[in-house]
There are 2 protein chains.
Amino acid sequence: MTTDRPTVARVARHAGVSVASVSRVLNGLPASPETREAVERAAAELGYRPNAFARGLKVRRSQQLALAVADVGNPVYVEMMRAIEDEARIRGYRLLVSSTGGRIDDTLALLDSLGHGYADGLVLSPVRVEPALLDALRGATYPVVVIGTVPTDVRIDNVRANSAGGVRMALEHLHDNGCRRVAFVNGPADTVPGSARRRAFERNVRALGLDPDESLRVEAGDFTLAEGRKAAEALLARTVPDAVLGGNDLLAIATMQVLSEHDLRIPEDVAVVGMDDTELAGVTTPTLTSVGLGALERGRTAARLLLDRLEDPEREVQRVTVQPRMTVRRSSLRGATAGEAR
Amino acid sequence: MTTDRPTVARVARHAGVSVASVSRVLNGLPASPETREAVERAAAELGYRPNAFARGLKVRRSQQLALAVADVGNPVYVEMMRAIEDEARIRGYRLLVSSTGGRIDDTLALLDSLGHGYADGLVLSPVRVEPALLDALRGATYPVVVIGTVPTDVRIDNVRANSAGGVRMALEHLHDNGCRRVAFVNGPADTVPGSARRRAFERNVRALGLDPDESLRVEAGDFTLAEGRKAAEALLARTVPDAVLGGNDLLAIATMQVLSEHDLRIPEDVAVVGMDDTELAGVTTPTLTSVGLGALERGRTAARLLLDRLEDPEREVQRVTVQPRMTVRRSSLRGATAGEAR
DNA sequence: AGGCCTTCTGTAATCGATTACGGAATCGAT
DNA sequence: ATCGATTCCGTAATCGATTACAGAAGGCCT
């Protein structure tokens with residue numbers, strides 16, 4: 001618990017060389033074998049550990065990356081975080097996480113405070129993309145990678161999911177299984193994923209010749225089980241579809257529960273497909289077919305884009321789209337075979 | 001993207017005062033209203049943001065807490081992390097997370113590297129408590145709070161789950177429901193939770209007069225679905241119990257799946273109870289009765305202990321135990337009522 | 001008016017590293 | 001032996017904040 005840690009000066013004295021030599025040896029710069037040996041021995045003997053502040057002050061690097069998501073407990077973000085942390089650690093960076101709770105001012109405050117320099121870059125996954133946020137991003141003094149979509153005039157690396165492709169994949173799958181009246185239990189339309197999935201649903205319903213009945217669409221107040229149940233109840237009070245697409249796995253699972261309570265069999269009476277393909281999909285009864293949007297891959301890609309930009313700030317802005325992948329399980333299967341699809 | 005951020009000197013010049021005054025105003029130390037006004041205006045006009053390194057170098061504080069867990073993707077750790085992040089943010093600290101993968105040398109390396117000073121304290125949740133780890137903890141130059149159990153001679157704040165109490169609660173509940181041949185699908189016995197739960201199981205089987213048949217106990221290779229399935233298969237190949245306690249929710253769910261595949265009804269033929277009470281418990285069919293060990297509360301408590309110790313390094317060593325809480329759902333109910341218990 | 005106390009302020013030292021710069025030593029070639 | 005080119009090394013400046021210390025200014029009392 002003592003506080004007087006040895007400094008570079010003490011190591012230098014102990015080794016009988018100058019501070020410059022100590023620093024050089026410790027940073028792998030050229031030095032004679034004797035000097036090297038003496039410094040290394042002294043450092044080891046004293047248990048020397050360079051002070052991160054002093055070093056950072058001089059070299060202007062914290063070796064830290066920040067990750068900002070709405071909720072660190074959300075399985076999708078957890079997966080991203082895991083990928084980012086992995087990637088960062090491999091390349092010698094630590095990871096700072098912070099929850100913004102989806103609140104725009106908290107996000108702006110974070111963006112601002114990162115200007116203090118304690119992180120070299122930021123991976124941001126905003127729930128809503130507002131003008132104020134874009135302004136802040138434009139003005140940031142450090143590299144940012146956005147997981148999500150940003151307007152093309154904002155010159156920021158980003159990696160996005162292909163929500164539209166995922167919705168199409170799900171609807172084609174249901175169509176192939178003979179479903180025609182496909183309902184959509186979506187999350188809030190004023191969120192990035194909510195609106196994208198909504199538009200894609202419209203488009204593909206038309207393209208595939210599915211029933212365009214407006215009453216087949218409901219919007220839950222949030223991407224949660226509880227809100228999903230309410231929305232599903234509302235849906236069933238109006239009409240009974242032959243399939244349901246959930247805006248995410250929780251909404252799909254909530255719908256399955258409500259369907260069961262109404263004595264509708266899954267998938268015989270109503271087929272169900274979720275989105276995000278979280279761990280939850282494998283444990284329900286029946287197991288849930290779900291379209292994964294590559295959270296892990298998005299996280300990994302975002303981390304790489306950020307680290308690459310730190311190495312070369314001048315490189316061209318990158319925009320990467322991660323493709324969806326559907327895992328077919330029981331909830332949507334009427335006789336066909338299970339498996340994966342791209 | 002420019003790099004020449006204003007410094008305290010520039011603010012001082014712009015405000016027509018000294019650097020000392022600038023620092024004082026910005027840190028809320030006494031100053032005349034005019035000085036205060038001038039400094040605040042200058043700082044705002046220049047968009048001044050204090051450099052975290054320079055400040056940290058002088059005051060020896062990073063305002064950062066570190067959290068080390070085996071796997072940031074594990075729901076139990078996620079919950080802890082969420083609680084810790086919350087608590088830290090409220091008190092003005094940021095949170096660094098890192099996965100140790102449960103490897104002891106990675107953990108030791110982390111302990112060591114924190115000595116560089118980039119975090120003021122650490123919350124550690126070790127999978128296995130080895131002598132080498134204890135040595136490292138004893139030698140740490142910064143406060144550590146352990147989530148888990150440490151020997152009483154190691155003077156380190158810690159907060160522990162009451163695994164034994166949780167197991168007892170589960171077994172009493174099953175006993176009350178008329179079960180007598182209760183099986184235990186546990187995780188590896190060489191982990192902290194694995195061994196504690198194992199011992200508690202033995203003890204309570206005897207205390208409650210349950211069937212002590214050795215063949216009712218199996219050990220999965222890991223706390224995962226896949227290993228759980230294997231273990232459950234092995235169990236059923238030997239004997240059919242009237243109830244199963246899972247070492248965690250995943251093991252319990254895997255067991256439920258295997259039971260269903262063997263045409264055993266839950267809970268009529270076999271009752272099932274899990275541990276940890278993760279989100280998964282609410283989405284299975286039937287829903288899973290599970291004993292929560294208070295991950296969130298352990299996280300919050302750990303954060304508070306750490307922050308309190310940072311404020312007063314001399315305070316007495318604290319040891320807190322968080323009580324379990326069982327949520328009764330369908331998987332264990334033979335006619336009784338659902339609800340919570342302490 | 002003089003002396004003392006209080007309140008503000010500015011100068012300069014300090015935290016602990018990295019690194020520009022110049023000097024010393026060594027070596028080889030002539 | 002002399003010269004230049006290389007290597008290595010040490011001194012001191014630097015990064016950007018905080019803060020000890022001392023001086024200046026103002027108020028109050030006798």
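The shown structure was predicted, so the numbers you read here are calculated from the model rather than taken from an experiment. Naming convention: chains lettered A, B, ... in sequence-line order (proteins, then strands); numbering from 1 in each chain.
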A:K58 NZ to D:dC15 P, in whole Å, measures 6 Å

To the nearest angstrom, how far is A:R55 atom CZ from C:dT19 atom C1'? 12 Å

Determine whether a donor-acceptor pair (N or O, by modelled atom type, separation under 3.5 Å) exists between the side chain of B:T107 and the backbone of B:R103. yes

Looking at C:dT30, which nucleotide sits across from it as a Watson-Crick or G-U wobble partner, both distances under 3.5 angstrom, or is there none? D:dA1

When you look at CZ of A:R155, are more than 12 heavy atoms from neighbouring residues, nucleotides or ligands closer to it than 6.0 Å? no

Whole-Å gap separating C1' (C:dG16) and CZ (A:F53): 11 Å

Are the side chain of B:N27 and the backbone N or O of B:V25 linked by a donor-acceptor pair below 3.5 Å? no

Among C:dT19, D:dC15, D:dA17, which is the nearest nucleotide to the side chain of A:R60? D:dC15

D:dA17, OP1 or OP2 - any side-chain N/O from B:Y48 closer than 4.0 Å? yes

Do A:D106 and A:T100 meet the criterion of a side-chain donor-acceptor pair at a distance under 3.5 Å? no

Are any side-chain N or O atoms of A:Q63 and backbone N or O atoms of A:G92, one a donor and one an acceptor, separated by less than 3.5 Å? yes

Interface residues of residues 9-44 of chain A with DNA chain C (non-hydrogen, below 4.0 angstrom): A:A20, A:S23, A:N27

Value in whole Å for how far the P atom of D:dT18 lies from CG of A:L57: 12 Å

Cation-pi check for B:Y118 against A:R94: NZ or CZ below 6.0 Å from the six-membered ring centre and within 45 degrees of the axis, yes or no? yes

Take atom CG of A:N51 and atom P of D:dT14, then tell me their distance rounded to the nearest Å. 21 Å

Atom CZ of A:R49 and atom C1' of C:dA17: how far apart are they, to the nearest Å? 15 Å

B:Q63 CD - D:dT18 C1' separation (whole Å): 15 Å

